[in-house]
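Both counts, for ligands and for their atoms, begin at 1 and track the order of listing. Hydrogens, waters and symmetry mates are skipped; everything else that's a heavy atom, side chains included, is used. This chain uses plain numbering: 1 for the first residue, then up along the sequence.
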Amino acid sequence: MSKYVQYGIPSSWTKEFEIKGISTTTFKNTSNKNLIERYNISEDKVKFVKSRLKRKPIDGDTLQSLLERNRFVCCLCKGQKSDAYIIHHIEAYSISQDNNYYNLAVLCPNDHDLVHREGENLTNKIPKEQVEKAKINWEKEVEALNVAVASQSLEIGEVDFLNFNRILELYHQLYSNPPHTKYKDQLEELKALDNLGGISIDFLKNNNYNENSPFVFWGPAGSWALSLHYTDLFKQILSTLQFTDLDHLLSVKKIKNILSEEKFCFYAGGLYGKNPGKPGTNSEITHLYFHRRKFYVEWTFDTKYMISTSSYIRLSHRTEYLIYGKIRTIENRMINGKEYIYINIRPYLFGLALRTKTRRPSIHYRDKFTDEEN
Ligand SMILES: [Zn+2]
């Protein structure tokens, strides 16, 4: 990212300066005459850049985060008028000298002109409040887009849960060819798979491990390859099957539309959970959940499909998950004396979310090791 942008200079100009090999320091220390004659830069541009370079530059991290959260395009036209951008101060720099995140907005040169329109022709002037609002809304939209992209490509930090039986079932519904991944040969050599593509019970027994935790055993003995194999199969499923962002479904109107059918959805964000105890001792049903407004959403699952000891621990910690599942039931239900629209989902896979949304109200957690919120 060019240093010029930190001074509020349009991104479209920086390329010219880079090609001509003029750094911001050179620009500052070169006379206007030389810049115009030797470097062949227009006089208006020279004057504008010179005045901007007298400012305090915007902090690089702040700028990077602003640009990323705005997808590097104007928050007013979302890049429709131009790919170029300029960092705008919502409260004018001349008055505020405020380079903080909240005072900055990404605008295209065109909309930037409209915001700064002065004098007689104020008809199309864009008011400050409109910029502020546009920035907030666009950043929200970008967040949702990023999460949708991340979910489609299974951007997961670490997978915690893999219901391989349900993944296989779904795979067979979608494809006629037998499941294949780059781990398959290795797993067949270990005799880790049964005829149907599931995990062989004999294999688990021979390795002195337990059916109640088919993924929790020494990695090099095959557990890593098994979890990567099923994760990869699920990735293949995601390339065919659309999982809807649960946030889109959480309105009464939309929920009613999907009442009759089964629906695939994902959710990325903080969830409450319950850690039922040590892996391998027994297979137990537990849950992750949250409630928001009228809705109470619960994912119920068998702990036998947790894939590591740390994944057990995370169930009762401050964890932000990316979780894929299928809606099983939607009904009115009294929970803790309050009536909710209760949605039950059975997960296929979940793990650590790399991208989440800032939700209001955000989910608050209680201290570590307390597993229930009232
Ligand atoms: Zn624009």
Side-chain angles (χ1 to χ4, degrees), residues 1-20 22 24 27 41-150 245 247-248 355 357-358 360:
M1 185 187 49
S2 165
K3 194 121 180 69
Y4 284 98
V5 177
Q6 286 175 261
Y7 290 94
I9 291 157
S11 64
S12 48
W13 294 6
T14 62
K15 190 134 197 146
E16 177 190 345
F17 304 151
E18 270 158 30
I19 290 167
K20 292 177 179 172
I22 323 167
T24 50
F27 208 111
I41 302 168
S42 75
E43 194 179 343
D44 286 350
K45 228 180 229 182
V46 168
K47 280 186 179 161
F48 182 86
V49 174
K50 273 277 168 96
S51 74
R52 285 292 161 101
L53 289 177
K54 284 185 187 135
R55 290 178 172 187
K56 189 167 59 129
I58 297 161
D59 169 70
D61 289 343
T62 307
L63 181 59
Q64 186 65 30
S65 135
L66 178 77
L67 286 169
E68 279 175 13
R69 290 172 66 184
N70 284 269
R71 280 207 163 189
F72 292 80
V73 291
C74 170
C75 65
L76 283 165
C77 69
K78 298 160 189 183
Q80 279 179 11
K81 292 179 184 170
S82 165
D83 286 341
Y85 54 81
I86 184 163
I87 307 303
H88 168 67
H89 288 77
I90 296 169
E91 197 65 63
Y93 184 85
S94 56
I95 300 162
S96 67
Q97 280 102 54
D98 186 351
N99 275 346
N100 281 306
Y101 190 93
Y102 60 80
N103 196 41
L104 304 172
V106 184
L107 296 180
C108 68
N110 196 311
D111 284 322
H112 189 247
D113 284 348
L114 293 177
V115 172
H116 282 284
R117 188 157 275 196
E118 277 165 33
E120 285 161 25
N121 190 2
L122 289 174
T123 21
N124 297 323
K125 185 177 164 73
I126 297 170
K128 190 176 83 180
E129 295 72 27
Q130 196 180 325
V131 177
E132 279 177 312
K133 220 176 178 179
K135 178 190 171 190
I136 291 168
N137 290 339
W138 178 232
E139 286 188 349
K140 260 194 191 158
E141 229 176 287
V142 169
E143 251 180 10
L145 283 167
N146 288 342
V147 167
V149 169
D245 189 341
D247 279 342
H248 293 311
R355 282 183 184 276
K357 299 182 205 174
T358 345
R360 293 287 177 271

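Looking at heavy atoms from C-beta onward, Arg69 lies out of side-chain contact with Val142 at the 4.5 angstrom threshold. Looking at heavy atoms from C-beta onward, Ile87 lies in side-chain contact with Val5 at the 4.5 angstrom threshold. Between Leu76 and Leu114, the closest side-chain pair of non-hydrogen atoms is not below 4.5 Å.
Ordered by chain and number, Cys74 SG, Cys77 SG, Cys108 SG, Asp111 OD2 make up the set of protein N, O or S atoms under 2.8 Å of the Zn ion (ligand 1).
Aromatic ring pairs are classed by plane angle as parallel below 30°, tilted from 30° to 60° and perpendicular above 60°; the pair Phe17 and Tyr4 is tilted.
No salt bridge links Lys128 with Glu132; every basic N to acidic carboxylate O contact stays at or beyond 4.0 Å.
For the salt bridge (charged side-chain N to carboxylate O under 4.0 Å, His left out) with Glu141, the lone residue among Lys135, Lys78, Lys357 that qualifies is Lys78.
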